[in-house]
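Comments concern the structure below.
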Amino acid sequence: MSVVTRFPPSPTGYLHVGSVRTALFNWLYARKVGGKFILRIEDTDRARSSQEAVDIIFAGMEWLGLDYDEGPYFQTQRFDRYGEVIEQLLAQDKAYHCYCSKDRLETLRAEQMAQKLKPRYDGRCRDRIGAPPQGIAPVVRLKTPREGAVAIEDKVHGYITTSNLELDDLVISRSDGTPTYHLTVVVDDIDMGVTHIIRGDDHINNTPRQVHIIEALDAPRPLYAHVPMINGADGKKLSKRHGAVSVLEFREQGFLPDALTNYLARLGWAHGDQEIFTRAELINAFDFDGLNKSAATFDWDKLLWLNQQYIQNAEPAALLALAAPYLESAQLQLDKGPDIAAAVEAQRTRAKTLVEIAEQSHMFYGEFIRDEAAAKKHLRPVIGPALKAIQGKFAAVETWHGTELKDIVEQTAAEFDMKMGKVAQPLRVAVTGSSASPSIDTTLELIGRERCLERLDAALIYIAERAVA
RNA sequence: GCUCCCUUCGUCUAGUGGCCUAGGACGUCGGCCUCUCACGCCGAAAACAGGGGUUCAAGUCCCCUAGGGAGCGCCA
């Protein structure tokens with residue numbers, strides 16, 4: 001039997017990284033075994049669903065390279081089918097109409113809670129004899145077994161058994177005729193031939209109820225794998241107050257899709273000691289055995305580190321393509337600076353995100369911004385003559401090339417009987433405005449002669465003013 | 001409240017009864033490299049939630065306790 005997995009998000013806002021991680025596991029498994037991965041939009045809650053949210057889901061999936069083989073299906077387009085199933089269940093006496101008012105149900109719940117019991121529907125309408133009450137739009141409830149237990153096989157938790165006494169007759173159709181979540185997922189999964197359900201472990205308690213629907217429909221049971229949730233640093237479910245949770249925010253912040261994917265895969269799953277996986281390795285290595293049982297805490301530092309690793313090891317052309325949109329939106333005057341590929345290369349070991357690459361490129365393309373603290377520390381009168389000398393040599397040098405420029409700096413340092421660092425650092429501050437930049441040779445080369453000379457002028461003026469004061 | 005799930009360094013994790021003197025990674029701290037910031041390299045501190053069993057032997061199996069999470073909707 002060929003494997004079918006699925007990702008069923010609700011389009012009610014952003015695409016949560018936690019959801020994406022379960023999508024990733026489903027995708028990985030399908031790819032590994034040559035199965036099918038389905039995307040299904042669960043938009044039955046029309047009030048909260050929006051087209052915009054649907055587009056966000058598409059964008060997020062595409063960005064991360066999670067392609068699907070079937071779909072997207074939309075549950076709102078399958079209402080006829082759900083209605084059919086509900087009628088069938090009613091006809092087979094596996095479900096019944098319930099006329100109990102919400103008031104009664106609330107009271108019932110309150111009473112049960114007061115008695116320290118688990119709130120459950122008492123089955124009044126299931127046992128009702130005689131004609132149904134008039135003028136009330138009923139809901140439809142599933143007849144769940146009143147004794148026995150359900151055992152579900154879970155690939156990460158083993159067998160989980162639940163007594164049917166814990167369950168009640170759940171509503172499968174609302175009084176307005178729309179189907180409820182439990183009914184729709186089950187019907188969809190059956191119709192779409194889903195064989196493996198990999199989802200968050202917040203669904204463990206839902207599984208027995210869904211199994212009863214499957215049973216009522218005489219359908220084969222899928223295999224379950226309930227993966228742990230992702231928490232924030234405070235141990236609570238990862239949410240907006242922990243920072244970014246929407247995958248598109250990660251994109252905005254300059255993370256590479258492969259880095260995020262790699263990180264997410266390693267949250268709750270491991271393959272020995274391996275930390276960095278290519279896509280292909282991930283697909284190849286993924287298995288249920290590597291899945292963990294306990295919730296994982298989202299660790300920004302580790303994600304950042306991974307992102308940095310990916311930036312560092314990316315092919316030059318690939319990195320450039322990845323960085324391009326960020327450079328563009330950083331409002332740099334790209335036409336008034338060095339070759340963009342060279343600028344990006346110069347940043348690769350010192351940027352944790354693509355946004356940082358863009359920010360740090362300001363010194364090559366943008367306006368000069370002087371870091372006052374750095375200037376105060378390094379642009380002292382004592383360095384003036386050396387900078388002046390360097391400026392003169394820079395103006396005269398034939399080819400503006402890093403190694404020659406560095407030689408000039410070294411020679412000048414020697415002439416003034418200073419160490420390389422004593423000259424290079426003030427020079428760096430003079431031409432970049434900052435105390436941190438790539439090595440002095442590539443920094444000079446990238447900034448270019450004209451800019452270097454101008455900025456040295458400014459630095460010399462700055463120094464002169466300090467000497468007076 | 002009831003039911004279910006979970007529990008190895010700060011964090012992600014390896015570990016499937018002896019190979020564990022509990023390994024790796026991030027982070028932290030120290031050092032090296034060095035023109036700065038990084039990268040890289042070397043090193044250090046750092047964990048089996050607690051208590052009972054089972055066993056020649058337990059991080060690994062069982063029970064209890066504690067802590068955390070989830071579900072208990074005409075929400076998904």
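Sequence lines set the chain letters: A, B, ... in the order given, protein chains first and strands last, and positions in each chain run from 1. Small disclaimer: the values here were computed from a predicted structure and weren't measured.
Nucleotide C39(B) is shown with a syn base, its glycosidic torsion being within 90° of 0.
Residues passing the side-chain hydrogen bond (donor to acceptor under 3.5 Å, both in side chains) test with Arg21(A), sequence neighbours excluded: none. Asp287(A) is linked by a salt bridge (charged side-chain N to carboxylate O under 4.0 Å, His left out) to nothing, counting only residues two or more places apart in sequence or in another chain. Every residue meeting the salt bridge (charged side-chain N to carboxylate O under 4.0 Å, His left out) condition with Arg78(A), not counting sequence neighbours, appears here in chain and number order: Asp188(A), Asp191(A). With sequence neighbours excluded, the residues satisfying salt bridge (charged side-chain N to carboxylate O under 4.0 Å, His left out) with Arg209(A) are Asp168(A). Evaluation of the side chain to side chain contact (heavy atoms under 4.5 Å, CB included) rule for Ala216(A) yields Leu89(A), Lys94(A), Leu142(A) as partners, not counting sequence neighbours. Residues meeting the ring pair (Phe, Tyr, Trp, His ring centres under 6.0 Å) test with Phe277(A), sequence neighbours left out: Trp269(A). Applying the side chain to side chain contact (heavy atoms under 4.5 Å, CB included) rule to Leu117(A) yields the partners Gln112(A), Gln115(A); only residues at least two apart in sequence or on another chain are considered. Under the rule for a side chain to side chain contact (heavy atoms under 4.5 Å, CB included), the partners of Thr403(A) that lie at least two apart in sequence or sit in another chain are His401(A).
Distance, Arg40(A) CZ to A76(B) P: 13 Å, rounded to whole Å. Atom-to-atom, CD of Gln210(A) to P of C4(B) comes out at 19 Å; the value is rounded to the nearest Å. Rounded to whole Å, atom C1' of A76(B) lies 21 Å from atom OH of Tyr73(A). Atom CG of Leu108(A) is separated from atom P of C2(B) by 18 Å (rounded to the nearest Å). Leu405(A) has its CG atom 14 Å from the C1' atom of C35(B), to the nearest Å. One can place CG of Asn307(A) at 15 Å from C1' of C39(B), the figure rounded to the nearest angstrom. At whole-Å resolution of the value, CG in Asp154(A) and C1' in C6(B) are 13 Å apart. At whole-Å resolution of the value, CD1 in Ile447(A) and P in U36(B) are 17 Å apart.
Taking atom C1' on both nucleotides, G27(B) is separated from G10(B) by 8 Å, rounded to a whole Å. G69(B) and C32(B): their C1' atoms are spaced 45 Å apart (whole Å). Nucleotides A66(B) and G50(B) are separated by 7 Å at their C1' atoms, to the nearest Å. Using P as the reference atom, A58(B) and G18(B) are 11 Å apart when rounded to the nearest Å. Separating the P atom of U16(B) from that of U11(B) is a span of 23 Å, rounded to the nearest Å. Comparing the same atom, C1', in C12(B) and in A38(B) gives a spacing of 24 Å after rounding to whole Å. The same atom, C1', is picked in G68(B) and in A49(B); the two are 11 Å apart, to the nearest Å. G17(B) and A57(B) are spaced 7 Å apart, taking the C1' atom of each and rounding to whole Å.
In this structure, Gln308(A) reaches the C39(B) phosphate: one of its side-chain N or O atoms is under 4.0 Å from OP1 or OP2. Using a 4.0 Å cut-off, some side-chain N or O of His157(A) falls inside it from OP1 or OP2 of C6(B).
Judged by distance alone, the side chains of Ser101(A) and Asp103(A) never bring a donor and an acceptor atom under 3.5 Å apart. Side chains of Lys377(A) and Ser435(A): a donor-acceptor N/O pair is absent below 3.5 angstrom, by distance only.
Within the nucleic acid shown, Thr432(A) has no heavy atom closer than 4.0 Å to any nucleic acid atom. Among the protein residues, Pro9(A) comes within range of no part of the nucleic acid, since none of its heavy atoms lies under 4.0 Å from any strand. At a threshold of 4.0 angstrom between heavy atoms, the contacts of Gln312(A) are confined to the sugar-phosphate backbone, with no base atom among them.
G27(B) is unpaired under the Watson-Crick or G-U wobble criterion, no partner having all donor-acceptor distances under 3.5 Å. As the counterpart of A45(B), no nucleotide is assigned, since no Watson-Crick or G-U wobble pattern has both distances under 3.5 Å. Summarising the base pairing, G17(B) is matched to no nucleotide, lacking a Watson-Crick or G-U wobble pair whose two defining distances lie under 3.5 Å. Using N1 to N3 plus N6-O4 or O6-N4 for Watson-Crick, or N1-O2 and O6-N3 for G-U wobble, each under 3.5 Å, C74(B) pairs with nothing. Across all strands shown, C4(B) forms a Watson-Crick or G-U wobble pair, both distances under 3.5 Å, with G69(B). The nucleotide C9(B) finds no pairing partner, because no Watson-Crick or G-U wobble arrangement with both distances shorter than 3.5 Å includes it. In a base pair of the Watson-Crick type (N1 to N3 plus N6-O4 or O6-N4) or a G-U wobble (N1-O2 and O6-N3), with each distance short of 3.5 Å, G40(B) is matched with C32(B). Nucleotide A22(B) forms no Watson-Crick or G-U wobble pair with any nucleotide shown, as no partner meets the under 3.5 Å limit on both distances.
With respect to the salt-bridge test (charged N to carboxylate O, under 4.0 angstrom), the residues Arg348(A) and Glu345(A) qualify.
Taking for each of Gln115(A) and Ser439(A) the nucleotide of RNA chain B with the nearest heavy atom, the 5'-most of the two is the partner of Gln115(A).
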message: Protein within reach of the bases, or only the backbone? For nucleotides 11-26 of chain B, mark each nucleotide 5' to 3' as B, S or -, using heavy atoms under 4.0 Å.
response: BBSS--------BBBB
message: What does the B/S/- profile of nucleotides 63-74 of chain B look like, 5' to 3', with a 4.0 Å heavy-atom cutoff to protein?
response: ------SBBBSB
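Checked against a 6.0 Å centroid threshold, the rings of Tyr310(A) and Phe255(A) do not count as neighbours.
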Side chains of residues 151-158 of chain A: which donor-acceptor pairs under 3.5 Å do they make with residues two or more places apart or in other chains?
{"from": "Asp154(A)", "atom 1": "OD1", "to": "Val156(A)", "atom 2": "N", "distance (Å)": "2.7"}
{"from": "Asp154(A)", "atom 1": "OD1", "to": "His157(A)", "atom 2": "N", "distance (Å)": "2.8"}
{"from": "Asp154(A)", "atom 1": "OD1", "to": "His226(A)", "atom 2": "N", "distance (Å)": "3.4"}
{"from": "Asp154(A)", "atom 1": "OD2", "to": "His226(A)", "atom 2": "N", "distance (Å)": "3.1"}
{"from": "Asp154(A)", "atom 1": "OD2", "to": "His226(A)", "atom 2": "ND1", "distance (Å)": "2.6"}
{"from": "His157(A)", "atom 1": "NE2", "to": "His226(A)", "atom 2": "O", "distance (Å)": "3.3"}

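Within the 4.5 Å cutoff, the side chain of Leu306(A) has no heavy atoms near those of the Glu275(A) side chain.
Distances were taken from every side-chain heavy atom of Ser10(A) (C-beta onward) to each of C35(B), C4(B), A76(B); the shortest belongs to A76(B). Looking at the side chain of Thr349(A), the nearest of the listed nucleotides A38(B), U36(B), G1(B) is A38(B).
Judged by distance alone with a 3.5 Å cut-off, a donor-acceptor contact links the side chain of Arg428(A) to the base of C35(B).
Cation-pi geometry between Arg46(A) and Phe79(A) is met: under 6.0 angstrom from the ring centre, within 45 degrees of the axis.
For the segment residues 407-427 of chain A, residues with any heavy atom less than 4.0 angstrom from an atom of RNA chain B are, sorted by number, Met420(A), Gly421(A), Ala424(A), Gln425(A).
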